[in-house]
Structures are given as structure tokens and as C-alpha cells.
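Every chain is numbered from 1, with letters handed out A, B, ... down the list of sequences.
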Amino acid sequence: MRLVIHALARRFAGRDGRPATTVLDGLELTTGDIAALVLVGPSGGGKSTLLRVLAGLDVPEAGSVAFDGATLPRDAAGLRAYRRTVGTVFQAFNLFPHLTALENLLLPLVHVHGLDRTAALERVRGPLDRFGLTAHAHKRPAELSGGQKQRIAILRALVVRPRRLFLDEPTSALDPEMTGEVLEMIAELRVAGTQFVLVTHEMAFARRVADEIAFVADGRILAHGATATFFDDQADPRVRRFLETSQHHA
Amino acid sequence: MARRYNPAMARWLAHLVVITLFVAGIAAACTRVHPDWNWSGIWDYRQKFVQGWVTTVGISLAALVFAMLVGLVVAVMLRSRMALVEAVGRVYVEAIRGTPLLVQLLIGFYVVASAVGLENRYVVGVLVLALFAGAYMAEIFRGGLDAIPAAQLDSARAIGLTPAQAFRLVVLPQAVRIVLPSIAGQLVSLIKDSSLLSVIAISEFTLAAQEVNAFTFSTLESYLPLAAGYLLLTLPLATLSRWLERRFRYEAA
């Protein structure tokens, strides 16, 4: 994927006496033709909002986003059609709690992509097996561990065969052990050639999977580059400080 | 063998003791105000009781179905971002909840139904009862819909569902689980409230009892079977409501 973002602006109107906030402030980014882009940066810097715009869940006030030359639509129907071609995984609460893991996987296949139930079941069997989740297919989300829930959520995004995935801090709500199993799954997808944009605080993992990394802060891209250059030859002092602090905590 | 305290058994015993005392109290009151009971007169009219009871069940069920439809639609209206739609819902709910059912029945039957030429009193009774219960159901449904976290709607949008699909496949099934215990409880109220339909001469359970009293020149005999007949309906529902509540708690964990 080649991502080109130009003059992207997203503001949230003030509500209940709180002032309006500018979350994305004329953001610019042009990537090479890459498979994995990782967004890092301080909390509240705008990376999640940026990911929501990229995933077609949020409409910016100004600016443009284009993947491989195709500009993202702005109307509701166009955005819905776009969302059907990509997959998105949030930090938590992805799965529908009234459905089993399996029914969660089948729902978009049957109701959005028009497969009949038999074809949908056929479609999910292999992936469930491959990621060791077959034994958990008939459990409700409440019976699954946090890591299992996130892996099912990623699988649900995958089985519709999206062009790319958007992952918004998929491990931030998990303890270290479960973080490991989810990151391992993402790493496997990376090897298999799945394209994705990932927001994460896991610097070591970012280094492992990313082709390019962008540092988002104050609603702009403060630094951006190929992974090795970004980590080892970082010119921006603020980004360098952030990376050093993150490594101490890692 | 050591005797163990059995909490389930203790609860049954406690209930039994309380029920016995309660029944004994009622029986004492009965013999005091009315020493010579004439049960045989009542027994001759048992068919009338059964008919009234069946009518009450039928009216309650019909009203329940309408009330749930009304409640769901009004709940969506109460959550609408369109001021006019929200206002219609709000005015309806407050007008209904702020006036007695008896008044609504009298106005509904003698004023509204007469004005529009609706003559079937059973239809009018069911409609008024449904509109009455619907206002309470609307608030219950609204609470259930409000309880669905915004993250669920985000996930629904992310997988490409239309707003209508998101409501039908994601929001509604979860909201129904949340409101089911309260709805079962509301059904108990609805059954009891249906006794007021006797004022517009619908031959339901309460009117049947009043008529039997009149026919047999007895004064109080038919009120006891009346109470028992209502309990026969409401006690299982109350139990169902509590069971649903427990089950939902486990599921939501």
C-alpha cells in the first residue's frame, strides 16, 4: 500500500462547557509502497483519531487520504462501502457479547458479504484452526480470555479478506502474557503478507514488523521514516527522548 | 451423621411458615366479618370464573404484544436526535404515567372510542391497556438501549453493517437480554391492571367475580378465588423475572 495524506484536519466541537479541540492539525504523510505502517507517539497526540480516519470510521473536516491513489470517500454510503473492504480492530470490546466467537466471525460474512452459512462456516474453519482457536469457537466472549478475544477480533476482521487491517492498540488492554500471543498472531500475518496500519506502544514489536514508522504528536507527524533509520538514526530530539523512555519501560 | 445447615431447605421452610401465618390471618379476618360462608353458591358459578380468568389471560397477552411494540418504537423516539420526534415520545410517556389507568380507560372508551366510532369494548380495552403499559415499557427499553456501549456500535460500523443492521443484529438482541427481567415484571403489573377493565364492562376475571357475588347474594366469597386466580398468573411470572435476572448476571460477567 502507498498511503498519501494531505493537510488532514479533525476537530471536535466543544461540549458541556469544554473547549473545542483540534486533534489532527494539517497532518501530512507520504509512505513508500509498504506492507506495514506503525504509528507511535504520546497518548492524546492524535494517532487513534488518525487511524479512525484511515479506517473510514471518522470523517475529517479538511484534507485528503489516499491509499494506492484511491481517495477515501466522505459520504456515509461511500464510507460504508469502503469499510467493507478493510478490517478494523480496537483496543477492546470488539466482539458482540451475545454471540459466540464463531457467530461473531460469521456475522459479517453472512450479513455484509452475502455468503450463505455453509460457505461462511467453510471460510472460517481454516483460520480458526491455524490460530489455535477452534476449541474456543463455541464460547461467548465472557468465557474467553482477553488475548483470545482479541485474536478472534483480528480473525473476524481477516476472514472477510480485507485489503488491509487497521489495528488500534490491540494489546493495550491486555496483560503481558496475552499481549505476547496477540503480537505473535500479528507477526504471523505480517509474514503471510497481510497489509496493516498499527497503532501501538510496543516499541520492540514496532521495530520487528514495521516497514515504516510515523511518530504522531500534537496532531501532526513529527518524524517518519524506514524502521531502522527511525530507531537508530533519529534526528528529532523529542522523538529520540520518547524512544529512550519507551525502551526503559519495555 | 453431622447435620448440615441446608440454606435451600431453610428458605422453603421460612416461606412455608410465612404463607401459613398469612393465610391464617386472612382466614381469621374472614370469619370475624362474615361468620357464615356460602361456598356452594360460588361453586355453581365456577364456569364463570374460568371464563373470566381466560379472558384476563387473553387480554393481558394481547395488550402485552402491543405494549412491547409501542414501547420499542417510543424508546427509539425518546432517543431521537430530532427534537420533534423526541417531544412526541416524551409527552406521551409523561401523560400516560402521570394519569391513572382508570381515567385513561374512561376517556379512552367514552370519549376517544366513541368519537372515532370504535364500538368493540374488548378492542378498546386492549388498546388502552397496551398504550398504558407501553409508556412504562418505553422507559424500560430506553434504559436497555442506553446500556449498550458505544464501542459496540463502532465495531458494528467497522465490519460494514448498515445502521439498521447494527440495530437489529447488535443493539436489539443485547438490549432485549437486559430488559427481559423488567418486562416480565411489567407483565405482572399489566395482568393486575387489566382488572380495571371491569369498569367498561369487559367480562374479565374481576367483573366475573363481582357478578357471581351479585347472582348468589353473597358478599365476599368470590373475592378469595379472585385473589388466588391472579396469584396463579403473577407468581410464576415474578419467579421467571427473578430467574432471568440471575441468568443475565452470569452471562454479563
Show me the donor-acceptor pairs within less than 3.5 Å that the side chains of residues 137-145 of chain B make with the rest of the protein, sequence neighbours left out.
from: B:Glu139; atom 1: OE1; to: B:Arg142; atom 2: NE; distance (Å): 2.8
from: B:Glu139; atom 1: OE1; to: B:Arg142; atom 2: NH2; distance (Å): 2.9
from: B:Glu139; atom 1: OE2; to: B:Arg90; atom 2: NH1; distance (Å): 2.8
from: B:Glu139; atom 1: OE2; to: B:Arg90; atom 2: NH2; distance (Å): 3.4
from: B:Arg142; atom 1: NH1; to: B:Asp146; atom 2: OD2; distance (Å): 3.3

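- Within the 4.5 angstrom heavy-atom criterion, only backbone atoms of A:Leu95 (N, CA, C, O) approach chain B.
- Considering only heavy atoms from C-beta on, A:Phe90 comes within 4.5 Å of B:Ser155 through its side chain.
- In this structure, A:Arg80 and B:Pro163 have side chains that are in contact, with non-hydrogen atoms separated by less than 4.5 Å.
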For this session: Just do the side-chain contact (heavy atoms from CB on, under 4.5 Å) check on A:Arg83 and B:Ile159 with the steps written out, would you?
Result: CA-CA 7 Å; A:Arg83 288 197 295 267; B:Ile159 61 174; over 6 Å; no
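- Summarising the geometry, atom CG belonging to B:Asp154 is positioned 9.5 Å from atom OG1 belonging to A:Thr88; distances are rounded to the nearest 0.5 Å.
- With chain B as the partner, the residue from A:Arg52, A:His111, A:Gln91, A:His113 showing the most heavy-atom pairs under 4.5 Å is A:His111.
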For this session: Tell me, with the steps shown, if B:Val170 and A:Leu99 meet side-chain contact (heavy atoms from CB on, under 4.5 Å).
Result: CA-CA 9 Å; B:Val170 176; A:Leu99 301 175; over 6 Å; no
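- Of the two parts of A:Phe96, the backbone and the side chain both hold a non-hydrogen atom closer than 4.5 Å to a non-hydrogen atom of chain B.
- Nearest heavy atoms, B:Arg157 versus A:Gly56: NH2-O, 4.4 Å.
- Against chain A, no residue from residues 72-88 of chain B qualifies, as none has a non-hydrogen atom under 4.5 angstrom away.
- For the atom pair NE2 of A:His98 and CD1 of B:Ile148, the computed distance is 8.5 Å after rounding to the nearest 0.5 Å.
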